[in-house]
Protein chains: 2
Amino acid sequence: MPEKSRAADRICSEIEQAIAMGAYEDGEKLNEVALARQFDVSRTPLREALQSLQAIGLVELIPNRGAFVRRPSMTRLVEMFELMGEMEALCVKLATKRITPAQRLRLQEAARGCEEALSEGRADDYYAANGRLHGVIYEASGNEFLAEETRRLLRRLSPFRRRQLDVTGRLRASMGEHAAILEAMDRGEAEAAADLMRVHITALSRTYDQYIAAVGPRAEAG
Amino acid sequence: MPEKSRAADRICSEIEQAIAMGAYEDGEKLNEVALARQFDVSRTPLREALQSLQAIGLVELIPNRGAFVRRPSMTRLVEMFELMGEMEALCVKLATKRITPAQRLRLQEAARGCEEALSEGRADDYYAANGRLHGVIYEASGNEFLAEETRRLLRRLSPFRRRQLDVTGRLRASMGEHAAILEAMDRGEAEAAADLMRVHITALSRTYDQYIAAVGPRAEAG
DNA sequence: TTTTCTATTTTTGTATACAATCACGATAGC
DNA sequence: GCTATCGTGATTGTATACAAAAATAGAAAA
């Protein structure tokens with residue numbers, strides 16, 4: 001697999017990772033030439049990467065001033081999760097009314113995938129199936145724009161995710177919540193399903209809290 | 001007022017306007033050198049502008065392929081408004097519980113501003129006060145991230161807005177809806193206030209429909 | 001000491017040059 | 001005739017050079 005083209009993208013990912021790992025202080029200024037030297041590229045692709053990072057919200061670009069790291073505080077992560085929960089809840093609410101038979105099948109398939117992966121203790125498979133399940137719900141909302149924005153927020157939260165934390169007892173509980181959501185959807189109870197999803201995401205958020213508390217506001221990168 | 005620095009920003013605004021006005025076909029490829037010549041700049045700031053436009057969702061950048069115009073269809077605009085309505089409704093729901101006394105004062109001030117502007121027939125003042133009113137609600141949600149994302153979506157919708165369309169009878173109706181929302185908030189009825197806001201935004205969306213229908217999928221820029 | 005202005009240095013923004021990749025058409029093979 | 005391969009031109013990605021703006025430091029004045 002060639003991992004070549006688009007230096008800008010590669011740099012963006014690396015810096016994203018570094019910021020999430022706490023390698024930079026919040027508000028810290030990023031020096032373009034220094035970073036360019038560090039990644040062994042010119043300033044051109046580096047500046048592109050900085051713009052991409054701004055789109056993700058990890059840096060703020062101030063004209064004629066430079067790029068400043070915007071590392072989300074714990075408060076902000078909670079805020080982001082509050083919105084994530086509401087958006088997923090909205091997806092479920094709309095999906096309950098709009099889901100197509102084909103989508104319902106894929107939803108059930110994903111749910112089965114979660115069950116099997118969990119019973120066999122395959123964490124990676126569980127996360128994959130879990131991702132499919134949520135993805136189908138976004139799609140079934142019938143609002144492609146909402147689906148895109150939800151995926152975008154998910155991606156924005158992902159660098160701060162630590163899967164291992166889920167592996168305790170949370171995984172099994174998560175399964176049960178999925179089942180409850182799907183049942184509510186089957187009964188056509190949109191609001192109930194939405195509420196369950198909101199709680200489901202909020203519960204997820206707590207594992208992030210633990211991560212943040214563990215890593216702290218300032219941690220070293222590998 | 002100096003309108004100088006940051007050619008990239010200027011270009012971005014101009015292209016944004018052009019796309020909104022229908023100067024480009026959806027899916028049309030944007031040639032970098034041609035655009036650079038057109039705006040009399042080099043490719044460097046032009047490419048920055050294209051990235052900014054991608055962040056707004058008006059173009060899609062495909063690696064090694066180029067920039068392609070993504071003009072929202074009527075369907076997509078409706079989808080965007082559906083989400084906008086839900087986000088504003090969420091802001092109201094949270095604000096009902098979390099609003100501070102100071103914010104409540106500013107909310108009432110903005111509402112008064114709307115009334116006065118309307119009674120005096122000053123449309124511009126109305127839009128300004130209306131913007132303040134919604135802005136205070138975003139802020140009062142107590143979720144700064146939600147507020148930012150809502151503002152971002154508002155900005156993303158704004159190029160497709162045509163104020164004149166509101167001036168018919170919609171303006172007065174809008175006022176009444178504001179009043180109803182604020183009253184529900186005062187009574188602490190979060191869900192009711194949220195529902196009112198959702199309807200309020202949806203009603204707004206219909207004026208956009210009219211605009212789209214009038215301008216058509218392909219219109220000429222000024 | 002504090003402030004303000006200025007000269008210098010640093011850093012950002014833009015233009016240009018070069019390299020890599022893609023699109024397209026011609027040609028060869030089946 | 002159809003497909004595949006290759007070569008050429010066009011287009012995107014990156015590096016470098018230059019211009020403009022801001023940060024810094026130092027000196028002069030209050």
Side-chain angles (χ1 to χ4, degrees), chain A residues 1-19 23-71 155 221, chain B residues 1-19 23-71 155 221:
Chain A
M1 280 302 174
E3 291 290 344
K4 292 209 321 178
S5 64
R6 296 274 318 160
D9 293 347
R10 178 178 55 81
I11 300 164
C12 180
S13 299
E14 290 205 35
I15 300 181
E16 176 183 346
Q17 201 71 17
I19 292 178
Y24 302 99
E25 190 76 35
D26 180 68
E28 182 176 344
K29 178 170 180 182
L30 296 178
N31 187 296
E32 289 184 3
V33 294
L35 278 176
R37 286 181 66 90
Q38 181 179 333
F39 289 106
D40 200 45
V41 293
S42 76
R43 280 177 54 220
T44 313
L46 183 91
R47 282 170 63 89
E48 273 195 37
L50 290 179
Q51 269 206 277
S52 298
L53 288 168
Q54 182 182 38
I56 314 174
L58 287 182
V59 309
E60 182 179 2
L61 259 42
I62 302 180
N64 292 320
R65 290 268 149 59
F68 300 85
V69 175
R70 286 289 174 263
R71 206 154 84 84
R155 188 202 172 291
Chain B
M1 280 300 178
E3 290 290 342
K4 291 210 322 178
S5 63
R6 296 278 313 164
D9 293 348
R10 178 178 55 82
I11 300 164
C12 179
S13 299
E14 290 204 34
I15 300 182
E16 176 184 347
Q17 201 71 17
I19 293 178
Y24 301 98
E25 192 74 35
D26 180 68
E28 183 176 343
K29 177 169 179 183
L30 297 178
N31 187 295
E32 289 184 2
V33 294
L35 278 177
R37 285 182 66 88
Q38 181 178 333
F39 289 107
D40 199 45
V41 293
S42 78
R43 280 176 54 220
T44 313
L46 183 92
R47 282 170 63 88
E48 273 195 38
L50 290 179
Q51 270 207 275
S52 299
L53 288 168
Q54 183 182 39
I56 313 175
L58 288 182
V59 309
E60 183 179 2
L61 259 43
I62 302 179
N64 291 322
R65 289 268 150 57
F68 300 86
V69 175
R70 288 287 173 263
R71 207 154 81 86
R155 188 203 172 288

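No hydrogens, no waters, no symmetry mates; every other heavy atom, side chains included, goes into these values. Lettering follows sequence order; numbering is per chain, from 1. Keep in mind that what you see is a predicted model, and the values were worked out from it rather than measured.
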Report all side-chain donor-acceptor pairs from residues 62-70 of chain B shorter than 3.5 Å, counting only partners two or more places apart or in another chain.
unit_1  : atom_1 : unit_2  : atom_2 : d
B:Arg70 : NE     : B:Glu60 : OE1    : 2.8
B:Arg70 : NH2    : B:Glu60 : OE1    : 3.0

Just the table, please: protein N/O against nucleotides 14-18 of chain C N/O, every pair under 3.5 Å.
unit_1 : atom_1 : unit_2  : atom_2 : d
C:dT14 : OP1    : B:Ala7  : N      : 2.5
C:dA15 : OP2    : B:Ser42 : N      : 2.6
C:dA15 : OP2    : B:Ser42 : OG     : 2.9
C:dA15 : N7     : B:Thr44 : OG1    : 2.9
C:dT16 : O4     : B:Thr44 : OG1    : 3.4

Nearest whole Å is fine: how far is [N] [atom2] from [X] [atom1]?
X       : N      : atom1 : atom2 : result
B:Leu46 : C:dG13 : CG    : P     : 16 Å
A:Asn31 : C:dT9  : CG    : P     : 18 Å
B:Phe68 : C:dC22 : CZ    : C1'   : 11 Å
B:Gln51 : C:dG13 : CD    : P     : 13 Å
B:Leu50 : D:dT11 : CG    : C1'   : 13 Å

Quiz item: For residues 53-67 of chain B, which residues have at least one heavy atom under 4.0 Å from DNA chain C?
Solution: B:Asn64, B:Arg65

Practice problem: Go through the structure and list residues passing side chain to side chain contact (heavy atoms under 4.5 Å, CB included) with B:Ser42, not counting sequence neighbours. | Solution: B:Thr44, B:Pro45

Self-check item: A:Glu16: partners by side chain to side chain contact (heavy atoms under 4.5 Å, CB included), with sequence neighbours left out
Solution: A:Leu53, A:Ile56, A:Leu58, A:Arg155, A:Pro159

Self-check item: Counterpart residues, side-chain hydrogen bond (donor to acceptor under 3.5 Å, both in side chains), relative to A:Asp9 (two or more places apart)
Solution: A:Arg6

Exercise. State whether B:Lys29 places a side-chain N or O below 4.0 Å from either non-bridging phosphate oxygen (OP1 or OP2) of D:dT12.
Key: yes

